[in-house]
Amino acid sequence: MKLLLAIVNNDDANYVNTGLSKSGFMVTKIATTGGFLMNGNTTFLIGVQDEDVEKVFEIISHFSKKRTVPVPADPIYNPASISTTPAKVTVGGATVFVLSVERFEHI
Ligand code: 2BA
């Protein structure tokens with residue numbers, strides 16, 4: 001079994017949630033914040049059998065869009081050297097971690 005941690009743009013989160021649920025996957029959503037842009041995003045916890053990992057990737061990929069976002073001109077983003085801070089960054093589609101699950105119990 002695997003646990004997927006998927007960090008998804010808030011604008012895509014409802015589509016990802018619906019896509020996963022309609023395909024029978026159980027998800028937990030956590031409201032999270034990106035450390036660089038300080039924008040809200042959504043982190044999904046998805047426990048799945050090994051053979052379903054690729055299906056989950058397909059669904060997340062299908063609904064997660066790439067976006068170009070301006071980096072706010074604020075020293076917090078690069079206090080040491082503001083001039084090297086990029087003006088824009090590409091965010092997403094999604095950032096997904098796959099962790100092996102040692103034990104799963106639904107009590
Ligand atoms: P943020 O940390 O707000 O990052 C937003 C976007 O800013 C990133 O998009 C990336 O394009 C850029 N970025 C982040 N850190 C940077 C840096 N130190 N210098 C220059 N550009 C930087 P994504 O890579 O698509 O990441 C989207 C969100 O996914 C991130 O939001 C963060 O919440 C999460 N994330 C991405 N990689 C991660 C990782 N290795 N560990 C934990 N969270 C991660």
Side-chain angles (χ1 to χ4, degrees):
M1 185 175 198
K2 296 285 190 284
L3 176 66
L4 276 64
L5 303 185
I7 304 166
V8 174
N9 192 294
N10 274 348
D11 292 340
D12 299 328
N14 282 343
Y15 299 107
V16 170
N17 194 4
T18 302
L20 290 169
S21 296
K22 278 188 174 173
S23 295
F25 295 109
M26 290 185 66
V27 305
T28 295
K29 289 165 61 181
I30 306 174
T32 46
T33 303
F36 189 69
L37 293 179
M38 305 287 188
N39 286 341
N41 49 37
T42 300
T43 298
F44 289 86
L45 309 185
I46 313 152
V48 294
Q49 297 303 322
D50 289 12
E51 59 269 25
D52 288 328
V53 168
E54 290 311 314
K55 178 67 182 164
V56 171
F57 265 90
E58 281 172 25
I59 294 168
I60 295 171
S61 302
H62 182 73
F63 290 111
S64 297
K65 309 284 178 256
K66 275 192 186 349
R67 292 174 176 81
T68 303
V69 177
V71 176
D74 185 321
I76 194 173
Y77 294 101
N78 193 345
S81 178
I82 295 168
S83 62
T84 63
T85 303
K88 292 184 175 181
V89 289
T90 303
V91 183
T95 301
V96 186
F97 299 86
V98 182
L99 290 70
S100 293
V101 175
E102 190 173 322
R103 177 172 167 171
F104 169 76
E105 303 254 0
H106 201 186
I107 299 169

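We're numbering straight along the sequence, starting at 1. Indexing begins at 1, ligand by ligand and atom by atom, following the structure's order.
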Closest protein heavy atom to atom 19 (N) of ligand 1, given as residue, atom name and distance to 0.1 Å: Phe36 CE1, 3.7 Å
Options Gly92, Gly93, Ser64, Gly34, ranked by nearest heavy atom to atom 32 (C) of ligand 1, top entry: Gly34
Residues, nucleotides or ligands: over 12 heavy atoms within 6.0 Å of Phe25 CZ: yes
Options Val96, Val8, Asn41, ranked by nearest heavy atom to atom 28 (C) of ligand 1, top entry: Asn41
Within 6.0 angstrom of Met1 CE, more than 12 heavy atoms from elsewhere: yes
Nearest atoms (heavy-atom pairs only) where Gly19 meets Ile59: C-CG2, 3.8 Å
Location of contacts on Ile7 toward ligand 1, heavy atoms closer than 4.0 Å: side chain
Gap separating the CG atom of Asp12 from the NZ atom of Lys65, nearest 0.5 angstrom: 6.5 Å
Nearest non-hydrogen protein atom, atom 41 (N) of ligand 1: Phe97 CZ, 3.5 Å
Nearest-contact summary for atom 3 (O) of ligand 1 - protein heavy atom, Å: Leu37 N, 2.9 Å
Shortest heavy-atom approach to atom 10 (C) of ligand 1 - which of Thr95, Thr68, Thr90: Thr90
Enclosure of Lys2 NZ (heavy-atom neighbours >12, cutoff 6.0 Å): yes
Under 3.5 Å donor-acceptor, Thr32 side chain and Asn41 backbone: yes
Distance from atom 27 (C) of ligand 1 to nearest protein heavy atom, with residue and atom: Val91 CG1, 4.0 Å
